[in-house]
Amino acid sequence: MVRGGDIRVSFQQGDQGLFETASGGSGELAVPMAWAFGSGSRGVTLVGLLAKDTYLESAVSFYARTSSLDITPGQQSLPSTSLLQAVGQTNGVRKCFPCHATGPVTFGEQEVAVAEPGVWCEACHGPARQHTQAAARRDVPAARRLIRRLGGLSGERLNQVCGNCHRPPAGGEAGNDFAVAWNVRHQPPYLERSKCFAGGKLSCSTCHPAHQELRREDAGFYRDRCMGCHQAKVGHSRPAPTCLTRPGPDCVHCHMPAVTVSSQLTFRNHWIGVYGGDQALIPVR
Ligand code: HEC
Ligand code: HEC
Ligand code: HEC
Ligand code: HEC
Ligand code: HEC
Ligand code: HEC
């Protein structure tokens with residue numbers, strides 16, 4: 001990929017591992033890439049060690065939709081005129097690890113040790129050593145007590161569990177500008193705005209049952225979730241909207257519109273509402 005005028009950025013696999021290399025008029029810079037982030041369902045971003053204690057997020061990521069390389073989200077507007085700028089950025093890269101791995105993370109001078117790469121049981125249920133020890137002793141009451149149980153949590157509490165990683169946009173409340181398309185990737189604050197949420201029964205697991213893959217392009221599955229609550233409304237004092245009485249509509253298509261943030265990435269707007277015209281960010285009501 002060409003960056004900052006005439007700087008070429010590429011990846012090379014050699015005996016010493018995978019390197020990201022920037023080359024241009026002023027020479028060449030090669031950074032060893034040590035970690036790959038993302039399940040790959042949308043994309044993968046590589047992270048490397050630039051120098052002692054300095055981690056680098058590559059400026060170039062792999063995108064699944066197009067099976068191609070392009071600029072990493074968040075780096076589109078950074079300068080890229082030096083070799084160092086062209087390979088990536090070093091701000092806050094340590095923070096990637098706790099969200100994309102399970103258990104404690106320790107940063108050494110040359111390497112990062114994670115208990116388990118990826119999001120596994122203990123990322124949601126908390127530390128489980130005492131629980132598994134109790135289970136091995138067949139002490140069922142203790143085993144039940146010594147694990148964080150998630151069934152039966154309120155929507156708000158479960159949102160917090162998921163929200164540890166599916167966090168609000170950077171900048172807190174102030175950063176929460178619903179007119180910014182990229183913010184749609186941070187689901188909890190959007191869901192919380194929905195009138196459906198105010199009912200107190202809606203949570204992430206209503207539509208994303210625990211331990212299951214994300215249901216993609218499955219209008220019927222999501223319609224069943226909506227109708228679980230909205231069915232009862234039909235025929236009550238207020239006349240039902242026509243969308244509820246017609247058979248088989250794709251509810252989320254209209255009420256949770258897809259928001260395209262780049263040619264490779266689309267996120268679903270989790271602010272459930274009535275949208276007008278082409279507007280997909282803020283409901284008209
Ligand atoms: C606060 C937690 C958090 C931090 C910090 C974080 N991520 Fe993520 N990341 C997530 C979550 C949650 C998702 C899934 C939702 C989404 O796509 O935004 C994700 C998605 C991704 C994906 C797409 C994954 C896929 O399945 O296709 C990549 C790649 C990625 N992150 C890389 C990084 C890198 C590199 C960093 C550090 C610069 C980083 N993330 C920092 C939580 C985090
Ligand atoms: C992304 C978060 C997440 C991960 C990862 C996860 N779980 Fe769960 N788990 C949940 C949620 C949420 C519930 C509650 C389900 C419900 O309300 O129906 C749950 C429920 C359970 C329950 C029923 C008891 C309870 O807590 O309500 C067991 C047992 C369980 N999970 C085991 C596991 C095991 C074993 C793994 C790893 C293989 C795992 N979970 C990974 C989120 C997760
Ligand atoms: C430890 C951090 C963490 C927690 C806690 C967490 N997630 Fe995630 N989640 C991620 C990351 C990171 C990804 C991106 C995929 C990947 O790299 O594994 C993701 C991806 C997803 C996806 C998209 C999967 C896909 O195929 O695109 C859904 C849906 C999801 N999470 C739902 C939840 C729900 C619901 C909860 C709470 C019960 C939860 N997550 C808790 C980190 C987390
Ligand atoms: C856990 C129950 C629950 C689920 C699931 C649910 N809703 Fe709702 N929804 C509500 C409640 C409660 C309200 C507010 C009272 C009302 O207007 O009926 C509401 C309101 C709405 C509104 C009116 C919004 C407004 O601003 O006037 C729309 C549109 C809507 N829901 C669509 C959906 C769609 C589409 C789905 C599925 C993707 C869904 N709901 C899933 C409970 C739910
Ligand atoms: C009312 C249903 C509903 C609820 C509740 C819900 N989601 Fe989703 N979610 C969806 C739909 C629909 C999609 C898009 C599925 C597809 O790709 O076809 C989606 C997609 C996602 C994705 C993949 C990225 C994207 O935007 O397409 C993540 C991550 C995610 N949801 C996280 C969450 C989290 C975290 C919560 C709780 C704060 C949550 N969702 C609550 C319906 C819901
Ligand atoms: C073609 C787009 C479209 C589809 C598909 C659609 N809706 Fe709607 N819906 C609307 C519009 C527009 C309104 C507001 C106008 C109205 O009330 O008729 C609305 C209103 C609503 C309301 C608010 C009613 C009120 O005034 O309190 C609910 C709840 C709702 N829809 C749920 C659903 C559910 C559930 C589905 C799937 C079975 C669905 N919608 C499918 C466009 C759609």
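Just so you know, ligand 1 is whichever comes first in the structure, and atom 1 is the first atom listed for that ligand. If you read the sequence from its start, that first residue is 1, and numbering goes on from there.
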Short side-chain to backbone donor-acceptor contact, [X] and [Y], under 3.5 Å:
X	Y	value
Tyr222	Arg215	yes
His166	His186	no
Thr102	Trp120	yes

Which atoms of ligand 6 sit under 4.0 Å from any heavy atom of [X]?
X	answer
Arg223	38 (C)
Leu244	32 (C), 33 (C), 34 (C), 35 (C)
Cys251	34 (C), 35 (C), 36 (C), 37 (C), 38 (C), 39 (C), 41 (C)
Pro249	5 (C), 37 (C), 38 (C)

Contacting atoms of ligand 4, where contact means under 4.0 angstrom from a heavy atom of Val252: 38 (C)
Provide, to 0.1 Å, the distance between [atom] and the closest protein heavy atom, together with that atom's residue and name.
atom	value
atom 7 (N) of ligand 1	His100 NE2, 3.0 Å
atom 3 (C) of ligand 1	Cys99 SG, 2.8 Å
atom 29 (C) of ligand 1	Phe37 O, 3.2 Å
atom 26 (O) of ligand 1	Ser39 OG, 2.5 Å
atom 18 (O) of ligand 1	Arg185 NE, 2.5 Å
atom 5 (C) of ligand 1	Lys95 O, 3.3 Å
atom 24 (C) of ligand 1	Gly38 CA, 3.5 Å
atom 41 (C) of ligand 1	Cys96 CA, 3.6 Å

Determine, using the 4.5 Å side-chain heavy-atom cutoff (strictly less than), whether Leu83 and Phe11 are members of one ILVMFWY cluster. yes
Among Cys196, Cys226, Ser194, which one has a heavy atom closest to atom 11 (C) of ligand 4? Cys196
Using heavy-atom distances only, which candidate in His253, Arg193, Lys195 approaches atom 13 (C) of ligand 4 most closely? Lys195
Under a 4.0 angstrom heavy-atom cut-off, which atoms of ligand 1 come close to [X]?
X	result
Thr45	29 (C), 35 (C)
His166	12 (C)
Gly40	25 (C), 26 (O), 27 (O)
Phe267	17 (O)
Gly43	23 (C), 24 (C), 25 (C), 27 (O), 29 (C)

Are side-chain heavy atoms of [X] and [Y] found at a separation under 4.5 Å?
X	Y	value
Tyr190	Val184	yes
Pro249	Arg223	yes
Leu191	Ile272	yes
Leu46	Glu20	no

More than 12 non-hydrogen atoms from neighbouring residues, nucleotides or ligands closer than 6.0 Å to [atom1] on [X], yes or no?
X	atom1	result
Gln76	CD	yes
Gln130	CD	no
Glu111	CD	no
Gln16	CD	no

Where's the contact between Asp250 and ligand 6, heavy-atom distance under 4.0 Å: side chain, backbone, both or neither? backbone
Quick one: look at Ile272 and ligand 4, take heavy-atom pairs under 4.0 Å, and tell me if it's side chain, backbone, both or neither.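 Contact part for Ile272 vs ligand 4: side chain (C-beta onward).
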Residue part near ligand 4, for Arg225, under 4.0 Å between non-hydrogen atoms: backbone
Tell me which N, O or S atom of His230 sits nearest to atom 8 (Fe) of ligand 4.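 Distance check against atom 8 (Fe) of ligand 4 picks out NE2 in His230.
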Mind listing the closest non-hydrogen atom pair of Ala64 and Gly40 along with its distance?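 In this case the closest contact between Ala64 and Gly40 is CB-O, 3.4 Å.
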Is there a donor-acceptor contact under 3.5 Å linking the side chains of Ser262 and Gln264?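 Result is yes, a qualifying pair exists.
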Verify atom 34 (C) of ligand 1: protein non-hydrogen atom under 4.0 angstrom away: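 It does: a protein heavy atom is found less than 4.0 Å away from atom 34 (C) of ligand 1.
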For the residue pair Phe267 and Trp182, categorise the inter-ring angle as parallel (less than 30°), tilted (30 to 60°) or perpendicular (more than 60°).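 Correct class here is tilted.
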Would you please classify the geometry between the His270 ring and the His208 ring as parallel, tilted or perpendicular, with 30° and 60° separating the classes? tilted
State whether Cys254 contributes an N/O/S atom found under 2.8 Å from atom 8 (Fe) of ligand 6. no
Heteroatom distance test (His255, ligand 4): nitrogen or oxygen, under 3.5 angstrom: no
What part of Arg42, side chain, backbone, both or neither, has a heavy atom within less than 4.0 angstrom of ligand 1?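 Answer for Arg42: both.
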